[in-house]
Amino acid sequence: MKVLVINGSPKGSRSNTLRLTSAFLEGMGEGERRDLTLSQMNIRSCLGCFSCWNKTPGQCVLRDDMASALEDILWADVIVWSFPLYYFSLPGGLKTFLDRMLPLSLPFMSRDSESGGHPSRYDMSGKRHVVISTCGFYTAKGNYDGVTAIFDHLCGKNNYTTIFCGQGELFRVKELPGRTGEYLAHVKTAGQEFAAGGISRETWNALDTLLFPREVFEAMADASWGVEKTGGETEESLSFTRQMAALYNKSAWPGKDIILEMDYTDIGKRYQLLLTQEGSRVITEDFREFTTKIETPYTVWKAIAAGEISGQDAMMEGKYRVKGDFSLMLKWDSFFNGGAAPKEAPAEKKSSTDMNILLIPWITLWVAGPIHGFYGALITIAVTAAVPLVFYQNRKTIYDVLSGLLVSCCAMAMLLGLEARVALPLAYFAFGAMWSFSCFRKIPLTAHYSMNDYNGEEALRNPLFMKTNRILTCCWGVLYLLTPIWTYFLMGTELASWTGAINSVLPMAMGIFTAWFQKWYPAKVARG
Ligand SMILES: Cc1cc2nc3c(=O)[nH]c(=O)nc-3n(C[C@H](O)[C@H](O)[C@H](O)COP(=O)(O)O)c2cc1C
């Protein structure tokens with residue numbers, strides 16, 4: 001396929017629209033390609049002399065880069081028009097280019113169109129056109145009527161593919177790679193589907209979705225200019241902080257207002273973000289008592305926002321400190337996602353794990369086993385056998401499987417006559433060994449389960465989350481490695497049948513410790 005790309009943005013290679021066009025072309029795959037960057041070409045305005053129709057048919061009297069551009073148009077199978085929306089229409093350079101395409105038409109009047117027209121000098125019928133454009137308003141809807149009218153005449157109504165995207169300026173903001181990257185991925189898919197025949201409804205719908213809700217985008221856009229509505233320049237750090245505040249997702253409001261203080265230590269600037277049920281606001285004076293305070297060099301925070309360094313790594317390395325309530329940091333992505341709809345888990349993927357699946361067979365053995373060895377073991381095996389039935393709606397971990405195996409072995413041994421006094425301590429030991437072993441694995445056991453509350457798989461890339469979980473997994477491992485000692489003695493006393501109940505006291509205390517530690521420890525690290 002021979003593809004001609006006409007870049008009509010005066011910004012040339014810095015064009016926002018060109019990012020979409022590049023993604024589309026990437027999706028289309030390999031092929032012969034020619035590029036026309038109009039801002040770098042010498043294309044003069046049409047003189048209106050009609051020489052290309054009468055004196056020198058098909059040839060323009062002007063000697064400039066347009067002659068070879070016309071050849072490129074005739075050469076191409078696919079023409080990709082890439083340009084920004086200017087005053088609800090085309091940028092001037094592209095309009096000049098269209099005017100200079102007159103030699104491609106014949107002078108005679110054609111009856112093909114209601115409003116009149118000219119037949120083409122060449123057979124253009126096999127060519128496919130793609131029109132890609134970004135604009136500065138929050139939506140493309142209602143802004144492209146002028147452009148559509150032009151391309152309806154140029155290519156024929158419904159005879160070309162369009163990707164019109166609002167919020168175009170966001171494509172150059174490196175602090176927003178997530179959302180724009182997502183959109184570009186859909187544009188790439190559109191390119192793939194276009195090359196294969198046509199763009200699917202699903203992809204159209206994705207391309208039709210706003211990058212950010214209107215109010216978020218407009219607040220960000222207003223803050224980005226670095227000038228105040230009342231006149232005068234805005235401090236760069238204030239402008240940046242306002243854009244950050246604009247990304248606040250009010251549906252994450254936790255039931256009480258948050259005052260997030262940003263203390264940029266290297267430039268001596270301090271701002272407070274007031275995050276409420278109604279939205280966000282940046283305060284520059286009359287500061288209140290903060291809920292959470294981030295002390296950071298401005299350069300570090302900018303680098304984190306731009307994705308140049310990881311926020312979690314920077315915290316572990318002590319590049320910034322967090323004071324006050326740490327829970328905001330743990331849920332940062334849901335607070336500052338620009339009000340994006342929560343990502344739906346793909347239908348076929350069972351996304352969350354459940355520690356109950358792991359615990360229930362063990363608890364059954366530990367409670368029922370001491371009461372009646374044989375029946376306790378039998379019930380345990382039945383419960384363990386039933387566990388796979390719930391896997392269909394949960395993702396199972398290696399520990400769910402290992403656990404099922406270990407607990408079944410212990411119960412089988414009891415059925416085959418192994419004394420409960422020996423089998424139960426063995427079961428506790430096996431359980432403790434499994435936890436302790438996992439401390440040395442890349443992902444400690446508890447992380448597999450607690451990640452559900454912290455952005456799923458994303459949490460596994462967070463060193464602080466992993467370290468917290470490694471410590472907790474070790475604590476639980478040690479507890480269960482020690483439990484067999486007193487269990488063995490307890491099973492020899494009159495309290496034997498109460499062993500399950502007695503042995504749940506320490507885990508309960510450990511549960512309380514866990515709930516406290518997983519908040520306290522990250523906050524302690526963050527305080528530096
Ligand atoms: C002179 C001028 C006129 C513009 N007119 C409009 C407009 O009518 N509607 C709109 O939504 N954006 C308008 N914009 C914003 C651009 O369309 C937007 O910034 C676009 O993303 C720029 O794309 P580019 O980087 O590919 O050139 C205008 C920009 C300029 C400089």
Side-chain angles (χ1 to χ4, degrees), residues 3-28 33 35-41 43 45 79-99 129-152 160-188 190-191 206-227 229 239 243 246 306 338:
V3 182
L4 174 67
V5 182
I6 301 173
N7 174 5
S9 169
K11 284 149 68 184
S13 61
R14 291 183 302 107
S15 153
N16 304 322
T17 315
L18 196 61
R19 291 174 201 235
L20 273 69
T21 304
S22 303
F24 190 87
L25 295 168
E26 200 185 323
M28 278 182 73
R33 183 165 142 198
D35 290 87
L36 298 179
T37 303
L38 302 192
S39 61
Q40 290 169 6
M41 293 170 71
I43 299 176
S45 295
I79 301 175
V80 182
W81 302 84
S82 174
F83 58 89
L85 184 73
Y86 274 13
Y87 279 95
F88 305 95
S89 185
L90 310 179
L94 183 58
K95 177 64 172 60
T96 301
F97 183 87
L98 289 190
D99 295 346
H129 295 263
V130 184
V131 182
I132 303 180
S133 179
T134 62
C135 69
F137 293 138
Y138 82 97
T139 179
K141 291 213 170 66
N143 291 324
Y144 275 88
D145 298 349
V147 171
T148 310
I150 294 172
F151 279 90
D152 278 355
Y160 58 100
T161 301
T162 56
I163 297 181
F164 295 149
C165 175
Q167 309 187 15
E169 285 301 320
L170 297 185
F171 287 95
R172 67 179 169 82
V173 182
K174 52 183 193 310
E175 284 82 0
L176 297 170
R179 183 62 189 105
T180 46
E182 216 172 273
Y183 193 90
L184 291 175
H186 292 305
V187 178
K188 184 176 167 189
L207 294 176
D208 241 6
T209 311
L210 294 181
L211 285 167
F212 286 98
R214 179 178 184 167
E215 55 173 324
V216 172
F217 166 72
E218 289 182 346
M220 263 195 297
D222 288 351
S224 71
W225 296 111
V227 284
K229 281 185 183 165
S239 179
Q243 290 181 69

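FYI, side chains are in, hydrogens and waters are out, and symmetry mates aren't considered; it's all heavy atoms of this structure. Ligands are counted one by one from 1 in listed order, and the atoms in each one are counted from 1 as well.
- The line from CZ of Arg179 to CZ of Phe212 is 7.0 Å long, rounded to the nearest 0.5 Å.
- Atom-to-atom distance recorded for Cys165:SG and Leu184:CG is 8.5 Å, nearest 0.5 angstrom.
- Sorted by chain and number, the residues within 4.0 Å of ligand 1 by heavy atom are Ser9, Lys11, Ser15, Asn16, Thr17, Pro84, Leu85, Tyr86, Tyr87, Phe88, Thr134, Cys135, Gly136, Phe137, Gly168, Glu169.
- In terms of heavy-atom proximity, Thr21 sits nearest to Ser82 at OG1-OG, 2.8 Å.
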For residues 219-226, which side-chain donor-acceptor pairs fall under 3.5 Å, sequence neighbours excluded?
residue, atom, partner, partner atom, Å
Ser224, OG, Ala221, O, 2.6
Trp225, NE1, Ala221, O, 3.3

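- You'll find the side chain of Thr134 stays beyond 4.5 Å of the side chain of Phe83, heavy atoms only.
- Under the 3.5 Å distance criterion, the side-chain polar atoms of Ser15 are matched with a main-chain donor or acceptor of Leu18.
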